[in-house]
**Student:** 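Right, I'll just put the structure down here and ask away after.
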Amino acid sequence: MAQRICTGHAAELDRLNAWIKDWCQVNPAYLGPNWKCGQEASIRVMHLAMAALLLGQIRNTEVALIQLVRAHLARIAPTLGYALAQDNNHGTSEAAALFIGGSWLAAHADDTGRVEAEHWARSGRLWIEERLNRLVAEDGSFSQYSVVYHRVLLDTLSMVEVWRRALGLQSFSARFVERARSAAIWLKAFTQTTDGDVPNIGANDGARLLPLSDTDFRDFRPSVQLGCALFADARAFAAPGSWDIPLQWLGIPPPDVVLQEENNRLCDQGGYAILRKASASVYLRYPRFRFRPGHADALHLDLWVDGRNVLRDAGSYSYNTEPEWTSYFPGTAAHNTVEFDDRDQMPRLGRFLFGDWLRTSERSDIEGEGEETRISVGYRDRQGAKHRRHLILGASRMLVEDNVAGFSEKAILRWRLEAGIYQLDGASVFNDRFRLAVTANIPLHRVELVQGWESRYYLNREPLPVLEVEIRAPGTFRTELSWTA
């Protein structure tokens, strides 16, 4: 609505005011479901602030809006400890709202109200700094092990910094800026330049916190471009495009410098390896859990060729649906890895929690000399099952060797393919461009092309083909995937 007002639709101002007034009337402060969650209240504060910024009203705000913001901060502050204890984006969101809302109130308060407002602003500044230092590693990895939630974090940080600049407030610490910069560059490494899509790694609840551009939910370029401009003083994408729209709306000049492209990237603190060769990219997950994992996805592998997600992750679908689906999507069977004895890699303790967190037992460095790039990673779970994955990526092929042992009855290797028509020929599947073949140093017990599921958008579930290869004794799977130019 604020954007439409800025583009000449004056009637939208009356509509916006009527909409907020109606919301306040049917959602009395602190009553009902819309006041139950401190993070949702925090997101409302951030959105109100961004709308006021777009409309040039942050220094001459109507009293009723200031009162609404104050009511929100009075809701958020008492339960901040609960949000911080989650070690996820609840704490960053609520700290951001206290900083933004508190400084907003302080700019309009009398002497009595200013004490409270400045206290909220100081508390928000303190905790957003502390959260970033704790939850974001030096390599940019975030505590939630999710690409979508990483965008939530980056958009939150971007709004905080935009607001700080708009009010001319004291800069954040050098450590804050450096961690925010690392988080922005991390997300840049996962974003496809062609269309802005990303691997569907980790939880995906459909969140897109700062939708200033009319781009698809899965286009991460607007968030990456804004975050890199604010914290790295560089453009993530050199050519102009829709990814520049948030900068234009928020009055951020595009930097002259362009970030250099990286061939390979190892984010060992978060458990991610990115390998590139020619037009192909591989994203490999491995267990480095300092915080609770949401998916049993150890040694999952995503393959992208020319911007196509050839081997892919499942997403989350829904957090509140039938047990069949809340079990399937975060489980090992929904990832490109090996499942032992029909069980997840870690025991499930609740809807969002796994126990017996895995640890990486071995990992090589990324070796990128010559025509091929390679890495090896392995783990051993609490029940004694072992999985070591050796990956080689070339310009037109990928070779994966999976050595497995220590299981009781069986090991199933799964490759989740992009949707399409595939032919099954023995232990190979192929279409007009790609061929994936699996062999082993022991007899294959079962080879089957089955239907799996993926959720690229929350509450949306689509079928996709999955190649399952099963063995009944310790051994080594050998997968070769090749493609034509």
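Values below: all heavy atoms of this structure, side chains included; hydrogens, waters and symmetry mates excluded.
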**Student:** Consider only side-chain N and O atoms of Gln225 and Asp244, and report whether a donor and an acceptor are under 3.5 Å apart.
**Tutor:** yes
**Student:** Carefully, step by step, assess Arg151 and Val224 under the rule side chain to side chain contact (heavy atoms under 4.5 Å, CB included).
**Tutor:** CA-CA 8 Å; Arg151 177 170 65 178; Val224 171; over 6 Å; no
**Student:** Test Leu209 against Met159 for side chain to side chain contact (heavy atoms under 4.5 Å, CB included), laying out the working first.
**Tutor:** CA-CA 10 Å; Leu209 205 57; Met159 284 189 280; 3.8 Å; yes
**Student:** Could you tell me how the ring of Phe329 sits relative to the ring of Trp325: parallel (under 30°), tilted (30 to 60°) or perpendicular (over 60°)?
**Tutor:** tilted
**Student:** Sort and list the pairs that fulfil salt bridge (Lys or Arg N to Asp or Glu O under 4.0 Å) and have at least one residue in residues 70-90, not counting sequence neighbours.
**Tutor:** Arg70-Glu116, Asp87-Arg131, Asp87-Arg134
**Student:** Establish, yes or no, whether the cationic atom of Arg208 lies under 6.0 Å from the six-membered ring centre of Phe217 and within 45° of the ring axis.
**Tutor:** no
**Student:** Judged by modelled atom types alone, do Ser93 and Gln39 share a side-chain donor-acceptor pair under 3.5 Å?
**Tutor:** yes
**Student:** Could Arg265 and Tyr272 be counted as a cation-pi pair, given that NZ or CZ must be under 6.0 Å from the ring centre and within 45° of the axis?
**Tutor:** no
**Student:** One pair to check against salt bridge (Lys or Arg N to Asp or Glu O under 4.0 Å): Glu462 and Arg456. What are the steps and the verdict?
**Tutor:** CA-CA 8 Å; Glu462 299 290 343; Arg456 287 167 46 79; over 6 Å; no
**Student:** Which pair of non-hydrogen atoms, one from Val338 and one from Tyr379, has the smallest distance, and what is that distance?
**Tutor:** O-OH, 4.4 Å
**Student:** Check the orientation of Tyr319 and Tyr458. Use parallel for under 30°, tilted for 30 to 60°, and perpendicular for over 60°.
**Tutor:** perpendicular
**Student:** Can we say Asp381 and Arg343 salt-bridge, meaning some charged N sits less than 4.0 Å from an Asp/Glu carboxylate O?
**Tutor:** yes
**Student:** Could you check whether any side-chain heavy atom of Gln248 comes within less than 4.5 Å of a side-chain heavy atom of Leu212, counting everything from C-beta outward?
**Tutor:** no
**Student:** With a 4.5 Å limit on heavy-atom distance, are the side chains of Val257 and Asp233 in contact?
**Tutor:** no
**Student:** Show your reasoning for whether side chain to side chain contact (heavy atoms under 4.5 Å, CB included) applies to Phe190 and Ile274.
**Tutor:** CA-CA 8 Å; Phe190 282 77; Ile274 303 174; 3.7 Å; yes
**Student:** Under 3.5 Å, is there a donor-acceptor pair between the side chain of Thr337 and the main chain of Asp297?
**Tutor:** no
**Student:** Between Tyr30 (side chain only) and Ala71 (backbone N and O only), is there a donor and an acceptor less than 3.5 Å apart?
**Tutor:** yes
**Student:** When you measure from the side chain of Gln345 to the backbone of Leu358, do you find a donor-acceptor pair of N or O atoms at a distance under 3.5 Å?
**Tutor:** no
**Student:** Would you confirm whether Thr191, through its side chain, and Gly196, through its main-chain N or O, come within 3.5 Å as a donor-acceptor pair?
**Tutor:** no
**Student:** Looking at Trp35 and Pro28, would you say the former's side chain and the latter's main chain have a donor-acceptor pair under 3.5 Å?
**Tutor:** yes
**Student:** Report the C-alpha separation of Glu418 and Arg308 in whole Å, then their side-chain angles, then the decisive distance to 0.1 Å, and conclude whether the salt bridge (Lys or Arg N to Asp or Glu O under 4.0 Å) test is met.
**Tutor:** CA-CA 8 Å; Glu418 68 173 337; Arg308 291 173 59 178; 2.5 Å; yes
**Student:** Are the side chains of Arg348 and Pro330 in contact, using a 4.5 Å heavy-atom criterion?
**Tutor:** yes
**Student:** Give a yes or no on whether the backbone of His119 and the side-chain of Ser123 come within a donor-acceptor separation of less than 3.5 Å.
**Tutor:** no
**Student:** If you take all heavy atoms of Leu259 and Cys228, which pair is closest and at what distance?
**Tutor:** CD1-SG, 3.6 Å
**Student:** Given the rule in the salt bridge (Lys or Arg N to Asp or Glu O under 4.0 Å) test, do Glu161 and Arg164 qualify, once you have shown the distances and angles that lead to the verdict?
**Tutor:** CA-CA 5 Å; Glu161 176 62 12; Arg164 184 200 68 76; 2.9 Å; yes
**Student:** Any non-hydrogen side-chain atom of Leu80 less than 4.5 Å from a side-chain atom of Leu98?
**Tutor:** yes
**Student:** Given side chain to side chain donor-acceptor pair (under 3.5 Å), test Asn133 with Arg175 step by step and report yes or no.
**Tutor:** CA-CA 8 Å; Asn133 185 49; Arg175 173 177 284 184; 3.2 Å; yes
**Student:** What residues, two or more places apart in sequence or in another chain, satisfy side chain to side chain donor-acceptor pair (under 3.5 Å) together with Tyr145?
**Tutor:** none
**Student:** Would Trp120 and Trp104 count as a side chain to side chain contact (heavy atoms under 4.5 Å, CB included) if you check the C-alpha gap in whole Å, the side-chain angles of each, and the deciding distance to 0.1 Å?
**Tutor:** CA-CA 10 Å; Trp120 281 331; Trp104 195 359; over 6 Å; no
**Student:** So, do Phe99 and Leu169 sit near enough that their side-chain heavy atoms are less than 4.5 Å apart?
**Tutor:** yes
**Student:** Can a donor-acceptor pair be found between the side chains of Tyr283 and Asn309 at a distance below 3.5 Å?
**Tutor:** no
**Student:** Just so I know, are the side chains of Val69 and Ile66 near enough to count as touching, which here means a heavy-atom distance under 4.5 Å?
**Tutor:** no
**Student:** For residues Ser281 and Arg276, is any side-chain donor paired with an opposing acceptor at under 3.5 Å?
**Tutor:** yes
**Student:** Say whether, by atom type as modelled, one donor and one acceptor occur between the side chain of Trp357 and the main chain of Phe289 under 3.5 angstrom.
**Tutor:** no
**Student:** Would you mind reporting whether Asp195 and Arg218 have side-chain heavy atoms less than 4.5 Å apart?
**Tutor:** no
**Student:** Is it true that Glu362 and Arg388 have a side-chain N and a carboxylate O under 4.0 angstrom from each other?
**Tutor:** yes
